[in-house]
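Right, one structure below, let's go through it.
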Amino acid sequence: MTDEMPPQRYTVALANEIEHRWQDWWDEHHVFDTPNRTGLLAGDPRHVAERPSLFVLDMFPYPSGVGLHVGHPLGYIATDVYARFQRMNGRNVLHAMGYDAFGLPAEQYAVQTGTHPRVTTEQNIATMKRQLRALGLGHDPRRGPATTDPSYYRWTQWIFLQIYNSWYDTRADRARPISELIPELQSGRFPTPDGVPFDDLGALEQRRLVDSFRLAYVAEAPVNWCPGLGTVLANEEVTGDGRSERGNFPVYRRPLEQWMLRITAYADRLLDDLDQLDWSESIKLMQRNWIGRSTGATVKFPVEGHADVAIEVFTTRQDTLFGATYMVLAPEHPLVDVITANEWPGDEIVNDWGSNAIDAWKGIFGMSDPPPVAVRRYREFATAKTDLERQVVAREKTGVFTGAFAINPTNGARIPIFVADYVLMGYGTGAIMAVPAHDERDFEFAREFELPIVPVIRPSDEWLAQNVVSPTDATDWRESFVGDGVAQSSANSEVSLDGLRVDDAKRVITEWLEAKGLGRATVTYKLRDWLFSRQRYWGEPFPIAYDEDGPVALPDTELPVLLPDVTEFEPVTSDDPDALPEPPLARAVDWVEVSLDLGGPSWAGYGKGARTFLREVNTMPQWAGSCWYYLRYLDPTNENALVNPAVERAWAAGERGDGSPKVGLVDLYVGGVEHAVLHLLYARFWHKVLHDLGHVSTPEPFQRLVNQGYILAAAYMDERGMYVEASEVEERDGGFFHEGEPVEREFGKMGKSLKNAVAPDDIYREYGADTLRLYEMFMGPLDKERPWSTADIVGVHRFLQRLWRNLVDESTGALRVVDAPADDETRRLLHRTIAAVRDDMESMSFNTAIARLFELNNHLTALDAISREVAEPLVLMVAPLAPHIGEELWQRLGHADTLAYEPFPVADASLLVEETVEVPVQVAGKVRARVQVAAGADAAAHETAARSDPRIRELLAGRTVREVKVVPGRIVNFVLA
RNA sequence: GCGAGCGUGGCGGAAUUGGCAGACGCGCCGGGUUUAGGUCCCGGUCCUUCACGGGGUGAGGGUUCGAGUCCCUCCGCUCGCACCA
């Protein structure tokens, strides 16, 4: 079979031999060791440390036990190509890969098999390193920490302490050390309990007061509690039907005391600073929506018969206040019990049908119950609904009247107060004023409950005409009017909005509310503080201990707080929803109890001499380690600091593409869109805290973000609806079969669940790593999803084979390259290719760069010998994409050192200009001929050339040319009359 | 429902941003090398037509000398959010 094969053909055997040899060579010669300008990693034998820096980063991978499939390295290859290109372009490039190795999968596997998660994690990291090394990625091997290394999580804990020991100064709009809060408290800037001066407070009161300012705090908050897993879960770990993603156990919302991080203090900056980042608009929008800032006003509504109670609502439409005809409290609202009447009011409120509307308000569970019973039943009904039911039942409005009335503060109207689950306790104040004329949800509810609808904004004429209704009487309205318009029926003896447009009306009414002490301008956010503790073993321990009064921070000298080496790391699980979390670390009794002499100020809970504390037994969530890993890449071996500030500044200095200074440390960040909100928001938050405290110099972590598309692959489902192993499916007669049975094909994200994963190892074995790299880059634009097709790989493999054959004689192995100059046509093609490839590499359009290289290479196959002036630039251009064959050919061309630092070819501009250009000629908009004109010729010359073309002359004969449009070098168009 | 993005050959995808639609690759067709298959090499390949020509970028309309590209309406797909006051 192989006896016919030329001995020096670029087969997979030769490719693999070349690849392994160069991977070893790179390691031995430290080719990708990136020097820092100063500090521990400052050695610089290649003299590149002073070059402009470029930090290229991949999202931190989790070392999974099942190994990689070919979808995983797509982004890693892209960053490697870009990093190699920029390194050849004169940049000092930092590119490294660490491991996000804490987390639930290793712990679950440990529970199933009894293997300690550290063992599994180390094995998985080794497997992943082997698979990634085989791709030829040019990472600095010294800069790849794992979050599970104590030398790494020591600094995760240190950052937590920085956050804990900080408060947010809203006046300076930044976080400051907690020690700087004390003078502020002493000066009386912040109110103290009962107005007692801070220094006169007891130690515990001081401590409680200071704790209430910290950016990390313990609070009771409703969380996703999963007794089946024995831990609380993040929202993203819970499926749409309220079960755990792993294990499919029920998840319950219940209040538990947990660590929270005060990310809400940064809401405005997290929102506003997005403008300075080079991220896709869709990702920015997702973050904006998640933060969910809305500006409006809070307004107090007095409650009839309760002189001391007012219901505070948040609204973005304070201009419609005169149209508020009822109020709604969320079922969980604490005032519900306070204001609910004992009996239904005796009022007659006549509805449109002439009957008493109150009868319709008494709820869905029977009209004989008094308000307290009706309200209790409704609350039970509302809380029993799962999230799924709330979605499916969608917008069907339910609720119940409390029997109580509030007073609209603008016009004194008595308005009924309802409880309804369309108002959420978690947003705003958990209560709303309802303006059914100008709010869709309120309108639906008002129709359902026969409530009055009072238009206070005159709708646009267009809307009125379309709906054929009155602007002032909503009886016939089929929907609310939510657009801009002019206020009407909105005046009392002190203020009038009538005639004002929405924005002006908002301003006027807000001023009036503030003057009367009834309300004020307010901004609210959807963003909630970040629940930061988990009941897991395999995570970072908190650097926190407790005395009888609460949490106390451990000093830096106690770091790292090592994860105790237990034998039972499984959480306590249960079927009982009322079971309480029992973190696995609670069982490490010897570790939990710790004797410390903390010393220090009483407000920090210290200062009591040596005594016994109990350690925090929760661990941090997996996000903790991934919030700051990119900073550790800068200075991974530093034992005295998270990162040497001088090193950090050197990497942070730099410019964006447009020459403006960058605000984000990392120049290019590539990863999956699944982290659009959580990881990217958390990391930005931590970075900003570290920036405020002076530990990093930029306000943002990631300047430019690119989301690579998923790799899709055909998946096959049998008649039972089960996925079958895609690699075992055969196609025949236009159908697909698995073990003889017909199966249905679909396309989906490559992975274990669809049984359609393709292992990179199989591709190396069949084609080699350079071919895999090239194929993944050639499939399509980086940010688009693309279907994997193993059959298509031969195309790029043939390219490498042809490239090899163009430069190396397949039978003798001799170089086919000559020193004679290239012919003119080849030289011009080369320089056009260089110009195009350079542009494409800059914009990461690798698929088109590869197409250009194909064209040049195909041109060369027709030549008897290849000139060195073409061969060398070609090899250098291929090298970032296919570095092993690049290095091998470079060496065979007579170079002793790596090409990784060779300058990327630069096109000779004079060779890009053709002497003549072919210009299409249109008659009446249709291309009828092409003519040659001199490059740079003017419009008249174009027209003359076009008119002298015989075909054009024929077509124009006897016709009147009304106009001739000429775009020199591009087109000539004769416009006929 | 709201928001964002995308619809180009049999398939993956190009098109300097309003100027020659289909680069490049797969597949397919034909030929060569080979005992044969595979590999490899050469040529062809949007549809229609013998050809000249005509048609063609999800559908329909518009702007323009000129539209894959801009605008409007609709259809389809993907993603995100989902009672956020």
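Here is the naming used below: chain letters follow the sequence lines, and residue numbers restart at 1 for every chain. Atom set for the values below is all heavy atoms of this structure, side chains included, hydrogens, waters and symmetry mates excluded.
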Across all chains, not counting sequence neighbours, the side-chain contact (heavy atoms from CB on, under 4.5 Å) partners of A:N707 are A:S280, A:I283, A:V673, A:L705
What nucleic acid atoms does A:S789 come within less than 4.0 Å of, heavy atoms only: base, sugar-phosphate, or nothing? nothing
Below 4.0 Å: OP1/OP2 of B:U16 and any side-chain N or O of A:R970: no
Side chains of residues 318-330 of chain A: which donor-acceptor pairs under 3.5 Å do they make with residues two or more places apart or in other chains?
unit_1	atom_1	unit_2	atom_2	d
A:Q318	NE2	A:T510	OG1	3.1
A:D319	OD1	A:R317	NE	3.0
A:D319	OD2	A:R317	NE	3.4
A:D319	OD2	A:R317	NH2	3.1
A:T320	OG1	A:R317	O	2.7
A:T325	OG1	A:P452	O	2.8
A:Y326	OH	A:Y422	OH	3.1
A:Y326	OH	A:D442	O	3.0

Atom pairs, N/O to N/O, protein against nucleotides 62-65 of chain B, distance under 3.5 Å?
unit_1	atom_1	unit_2	atom_2	d
B:C65	O2'	A:N973	ND2	3.3
B:C65	O2	A:N973	ND2	2.5

From the candidates B:A23, B:A4, B:C41, the one with an atom nearest any side-chain atom of A:A851 is B:A23
(Q) Please give the distance between the C1' atoms of B:G13 and B:G7 as a whole number of Å. (A) 14 Å
Those residues at least two apart in sequence (or on a different chain) that pass side-chain contact (heavy atoms from CB on, under 4.5 Å) with A:I971 are A:P920, A:Q922, A:V967
- request: Pick the C1' atom in B:C71 and in B:U64, then give their distance to the nearest Å.
  value: 12 Å
Tell me what A:E785 touches on the nucleic acid: a base, only sugar-phosphate, or nothing, going by heavy atoms under 4.0 Å.
sugar-phosphate
Inset, instruction - Indicate, with a heavy-atom threshold strictly under 4.0 Å, whether A:D839 touches base, sugar-phosphate, or nothing. - result: nothing
Inset, instruction - Might you confirm whether atom CD of A:E744 has over 12 heavy atoms from other residues, nucleotides or ligands at distances under 6.0 Å? - result: no
Heavy-atom nearest nucleotide on RNA chain B taken for A:G292 and for A:R9; more 5' hit belongs to A:R9
Residue set satisfying salt bridge (charged side-chain N to carboxylate O under 4.0 Å, His left out) with A:E943, at least two apart, ordered chain then number -> A:R947
By ring pair (Phe, Tyr, Trp, His ring centres under 6.0 Å), A:H831 pairs with (sequence neighbours left out) none
The nucleotide from B:C24, B:A15, B:U16 with an atom nearest the side chain of A:F778 is B:C24
Per the 3.5 Å Watson-Crick/G-U criterion and a run length of at least three, the stems involving RNA chain B are B:1-7 with B:75-81, B:10-12 with B:24-26, B:27-32 with B:40-45, B:46-48 with B:53-55, B:58-62 with B:70-74
Of the candidates B:A85, B:G80, B:G12, the side chain of A:V423 sits closest to B:A85
(request) Using the C1' atom as the reference point in each nucleotide, state the distance between B:A21 and B:C46 in Å, no decimals. (result) 10 Å
- Test for a donor-acceptor pair under 3.5 Å between the base of B:C6 and the side chain of A:K784, counting only N and O atoms. no
For A:D439, the salt bridge (charged side-chain N to carboxylate O under 4.0 Å, His left out) test, sequence neighbours excluded, returns A:R441
For this session: Specify whether A:H679 and A:H675 have parallel, tilted or perpendicular ring planes, treating 30° as the upper limit for parallel and 60° as the lower limit for perpendicular.
Result: perpendicular
Practice task
Check whether the ring centres of A:F854 and A:F778 lie less than 6.0 Å apart, and answer yes or no.
Solution key: yes
The residue, A:R951 or A:Y525, whose nearest nucleotide of RNA chain B is more 5′ is A:R951
Testing B:A14, B:C20, B:A85 for proximity to the side chain of A:N847, the answer is B:A14
Can you tell me, in whole Å, how much space there is between the C1' of B:G56 and that of B:G9? 10 Å
Review point. Reckon A:R852 touches a base, only the sugar-phosphate, or nothing at all at heavy-atom distances under 4.0 Å?
Key: nothing
By salt bridge (charged side-chain N to carboxylate O under 4.0 Å, His left out), A:K284 pairs with (sequence neighbours left out) A:E281
_So, OP1 or OP2 of B:G3: does either fall under 4.0 Å of a side-chain N or O from A:R288?_
no
For a quick check of understanding: with a heavy-atom distance under 4.0 Å over all strands, which category does A:T11 fall into, base, sugar-phosphate or nothing? nothing
With rounding to the closest Å, how many angstrom separate the P atoms on B:G60 and B:U8? 16 Å
